Amino acid sequence: MAFDIEMIKAVYAKYPERIAAARKVVGKPLTLAEKILYAHLWEGDATQSFERGKSYVDFAPDRVAMQDATAQMALLQFMQAGKDKVAVPSTAHCDHLILAQNGAQADLKSSLTASGEVFNFLESVSNKYGIGFWKPGAGIIHQVVLENYAFPGGMMIGTDSHTVNAGGLGMVAIGVGGADAVDVMAGMAWELKFPKLIGVKLTGKMNGWTSAKDVILKVAGILTVKGGTGCIVEYFGEGAKSLSATGKGTICNMGAEIGATTSTFGYDDSMERYLKATDRADVAELANAVKEHLTGDEEVYNNPEKYFDQVIEIDLSTLEPHINGPFTPDRATPVSQIRAEAEKNGWPTKVEWGLIGSCTNSSYEDLSRASSIAQQAVDKKLKTKAEFGINPGSEQVRFTADRDGLLKIFTDLDATIFTNACGPCIGQWARAGADKKEKNTIVHSFNRNFSKRADGNPNTHAFVTSPEMVAAIAISGDLGFNPLTDTLVNADGVEVKLDPPKGDELPEKGFAVEDNGYQAPAEDGSGVEVVVKPDSNRLQLLEPFAPWDGKNITGAKLLIKAFGKCTTDHISMAGPWLRFRGHLDNISDNCLIGAVNAFNEATNSVKNQLTGEYGPVPATQRAYKAAGVPTIVVGDHNYGEGSSREHAAMEPRHLGVKAVLVKSFARIHETNLKKQGMLALTFANEADYDKVQEDDTINFLDLDQFAPEKPLTLEFVHADGSKDIIVANHSYNDAQIDWFKAGSALNLIKAKAK
């Protein structure tokens, strides 16, 4: 029996009428993405056709999912919303605050001690407000959602950029900041700019060493980290139908790395098989009844160029395994070319670690295929030359894999089985020796490989590939190893070759678990007390941000002009900083410490214009705040790429930054800035970025006339008295301008609740 089955029944009951209304106003065949979007309009049946990439639209998502690192701030905000219970099914998952170091049991025990205060807070808030709670060790949020909550044709938002994983079961699942989640949990509409559509036609069928991971690694190479911004990617074709549901999830999951709003697949037999295998035959039966509405129209897939804004075609039969990196997930290299690329670029070819897991690749199928390579190593008398670590995706996957002997195969190769949690993928890895900052290479099946992300070492060259390729490369210890052609020498001095991986889409004996880690909330949470200690350094109740005074911002100073890639990891690092995700003031001490200062090419070193001295970014900004001096941040392209963490917006807001002016934004970060009452602006002329000088004083000339589709004018006064007038574009609509005026979107929610 599925969770929230009555909600799913209600969604499907509306589908025929909603799709008919959409078809009438759009006047053409519909993609799957359009069907799901139009079926979830806040207003009900569609009465108008929306313009892709331009129209702001209110939606009614079916559910909300939150992971522990972001749930803290989301729920601290929800506590201010004046609501007794969440308005839609919602869940909180404890998966980020578990450090990978010694192995599952020891690591879980130490994490329960280290982060017990946060886990207890999340448990009590969940209990009070009707939120399902998944305990530490239950699994990674996106694997748990796929196993328990995702359903074809549904719409979900989640406080993690990889919420998009649920597209593997045909959802439109979108990563957001906590303030967006608060809107939905409070029973309000959720706003999104109607996305553009990218169609990816998959032909042929995978064979040999190629996996679903290679599809998205290839797509990332084509579209780059910003090529999917503002778009939904819809996969279709016979090749799409040949993929497993978890393989589809892998592809959708890493769609976050191309900036896509989300990715999805049409409902098919593999999804039905997965639903039934995960004890949701009732959902499969409901989906089958509206099957025609849970995929794109046939005319769309027959003539995709007419219905998508961009079309990509990939032949799975000829697709080669890929290895992406280092330092960016879109640097795509086929395995046959990786040795030459490494030699040309000076990448270390000795591999120190191979890591399998993360929300991208930790399913039973992933472990099954990787274990088939590990078993060959045992059988052919090979030993891993790199260290080897495994993070199962959920307790259900771990228990089943252990029952079926898969985990023993890994431990026979001296692999460490870590907790069912994110671990190294998000920097929760106590890697021995990382503090030495030595140049080295690791390979993993994760989704991101930004500098410092996994282990805090800026010189770790991290490469993204499939679990089976991780296993092969870890065994060889050589980044340039190509298992399709190369041989290895075993303990007897004999050359042996690894055979292509084999694995089971689903466990032959079915899934099993003794305790999946779920805790249902109290029926009536009114008597539940949520305690936040005033002297806690982990949790801090929020104070509302001050509303705008209606005047132009004048006399502002430049905090930092960020150069090059500036992701949310650069703006608000994870790793050891995760422990402060529920304490806004403490975590603000990591604000922009990873951003590269364009004037000295250093990180965490900016000029304090009050003293003329250089110092850390947070300390400099605190000095400006104490002196009542407003500041702005200037940035490059795709600013805020990566995680959905709204801390990257809340920290500068808390410290007194008024505006962020960049060449272009990543979607989620731009929205997060707006939600927190900040100005998210883009250069009308990108070349104006070069005019910004270190000692500038900035004056807004027409902020008092702030209006939709009306650019703002800023005066940059240089140290020598000369000036540059810079025009800044914005994408604020009337409602978003109201957020700015009120000080934040949450301030408006609270005002309406009174």
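Please read these numbers as outputs of a predicted model, since none were measured by experiment.
- Contact record, V489 with L382: O-CD2, 3.7 Å, taken as the closest heavy-atom pair.
- Taking 4.5 Å as the limit, every side-chain heavy atom of V470 sits out of range of all side-chain heavy atoms of P467.
- Salt bridge present: D492 and K381 bring a charged side-chain N and a carboxylate O closer than 4.0 Å.
- In this structure, S358 contributes its side chain and T360 its backbone to a donor-acceptor pair below 3.5 Å.
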Check the pair S394, E147 against side-chain hydrogen bond (donor to acceptor under 3.5 Å, both in side chains), reporting the backbone distance first and the verdict last.
CA-CA 9 Å; S394 69; E147 291 175 3; 2.8 Å; yes

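- S244 and E505 are not linked by any side-chain donor-acceptor pair at a separation below 3.5 angstrom, with hydrogens and angles left out of the test.
- Around atom NZ of K291, more than 12 heavy atoms belonging to other residues, nucleotides or ligands sit under 6.0 Å away.
- The existence of a salt bridge linking D486 and K497 is excluded, since no basic side-chain nitrogen approaches an acidic carboxylate oxygen closer than 4.0 Å.
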Would you check, one step at a time, whether the test side-chain hydrogen bond (donor to acceptor under 3.5 Å, both in side chains) holds for T460 with D455?
CA-CA 8 Å; T460 292; D455 62 3; 2.7 Å; yes

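- Aromatic rings of Y518 and F3 (six-membered ring for Trp) have centroids within the 6.0 Å cut-off, being under it.
- To the nearest 0.5 Å, atoms CD (Q376) and CG (L488) are separated by 10.5 Å.
- R63 contributes no side-chain N or O that, together with a main-chain N or O of T91, makes up a donor-acceptor pair within less than 3.5 Å.
- N516 and E395 are not linked by any side-chain donor-acceptor pair at a separation below 3.5 angstrom, with hydrogens and angles left out of the test.
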Determine, step by step, whether V464 and L217 satisfy the side chain to side chain contact (heavy atoms under 4.5 Å, CB included) criterion, reporting the C-alpha distance in whole Å, the side-chain angles of both residues, the deciding distance to 0.1 Å, and the verdict.
CA-CA 8 Å; V464 182; L217 294 177; 3.9 Å; yes

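- The pair D268-R273 does not count as a salt bridge, with every side-chain nitrogen at least 4.0 angstrom from each carboxylate oxygen.
- Between H461 and F327, the distance separating the two ring centers is shorter than 6.0 angstrom.
- Of the possible polar contacts, one joining the R453 side chain to the C425 backbone as a donor-acceptor pair under 3.5 Å is found.
- When only modelled atom types and interatomic distance are considered, N345 and R331 share a side-chain donor-acceptor pair under 3.5 Å.
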Please report, to 0.1 Å, the donor-acceptor pairs under 3.5 Å made by any side chain of residues 164-175, with sequence neighbours excluded.
unit_1	atom_1	unit_2	atom_2	d
N165	OD1	N253	ND2	3.3
N165	ND2	H142	O	3.3

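- A heavy-atom distance below 4.5 Å is found between the side chains of R448 and S161.
- Shown here is E313, whose CD atom has more than 12 heavy atoms of other residues, nucleotides or ligands within 6.0 Å.
- With 3.5 Å as the limit, one finds a donor-acceptor pair spanning the side chains of E320 and S336.
- A salt bridge does not link D315 with K218: every distance from a Lys NZ or Arg NE/NH1/NH2 to an Asp or Glu carboxylate oxygen is 4.0 Å or more.
- Without hydrogens or angle criteria, H444 side chain to F446 main chain gives a donor-acceptor distance under 3.5 Å.
- Residues L146 and Y274 share a closest heavy-atom pair of O-CE2, 3.4 Å.
- The shortest heavy-atom contact between N361 and I356 is O-CG2, 4.2 Å.
- Other residues, nucleotides and ligands contribute only 12 or fewer heavy atoms inside 6.0 Å of the NZ atom of K502.
- Side-chain atoms of N490 come within 3.5 Å of backbone atoms of V494 as a donor-acceptor pair (strictly under, hydrogens ignored).
- With hydrogens and angles ignored, the 3.5 Å screen pairs no side-chain donor or acceptor of S362 with any backbone N or O of G357.
- Between the side chain of D107 and the backbone N or O of Q101 there is at least one donor-acceptor pair closer than 3.5 Å.
- A distance of 10.5 Å separates CG of D515 from CZ of F399, quoted to the nearest 0.5 Å.
- Between D478 and R339 there is a salt bridge, since at least one side-chain N of the basic residue sits less than 4.0 Å from a carboxylate O of the acidic one.
- Taking the six-membered ring where the residue is Trp, the centroids of W347 and F463 are separated by under 6.0 Å.
- Of the candidates K350, R431, E352, N440 forms a side-chain hydrogen bond (donor to acceptor under 3.5 Å, both in side chains) with just one, namely R431.
- Checked options H162, H93, H96; the residue passing with Q67 is H96 (criterion: side-chain hydrogen bond (donor to acceptor under 3.5 Å, both in side chains)).
- Closest non-hydrogen pair, W209 versus P500, comes out as NE1-CA, 3.6 Å.
- Between V225 and T328, the closest heavy-atom pair is CG1-OG1, 3.8 Å.
- Side-chain N or O atoms of N449 include one that pairs as donor or acceptor with a backbone N or O of A462 at under 3.5 Å.
- Judged purely by atom type and a 3.5 angstrom limit, S115 has no side-chain atom pairing as donor or acceptor with the backbone of V118.
- K213 pairs with exactly one of M469, M254, E468 by the side chain to side chain contact (heavy atoms under 4.5 Å, CB included) rule, that one being M254.
- By the 4.0 Å N-to-carboxylate-O rule, E365 lies too far from R369 to be salt-bridged with it.
- Contact between A212 and I251 at its shortest, heavy atoms only, is O-CG1, 3.3 Å.
- Without hydrogens or angle criteria, T384 side chain to I475 main chain gives no donor-acceptor distance under 3.5 Å.
- Other residues, nucleotides and ligands contribute at most 12 non-hydrogen atoms within 6.0 Å of the NZ atom of K385.
- Counting heavy atoms of neighbouring residues, nucleotides and ligands inside a 6.0 Å radius, atom CD of E285 does not exceed 12 of them.
- With no hydrogens or angles considered, a side-chain donor-acceptor pair links E272 and N288 at under 3.5 Å.
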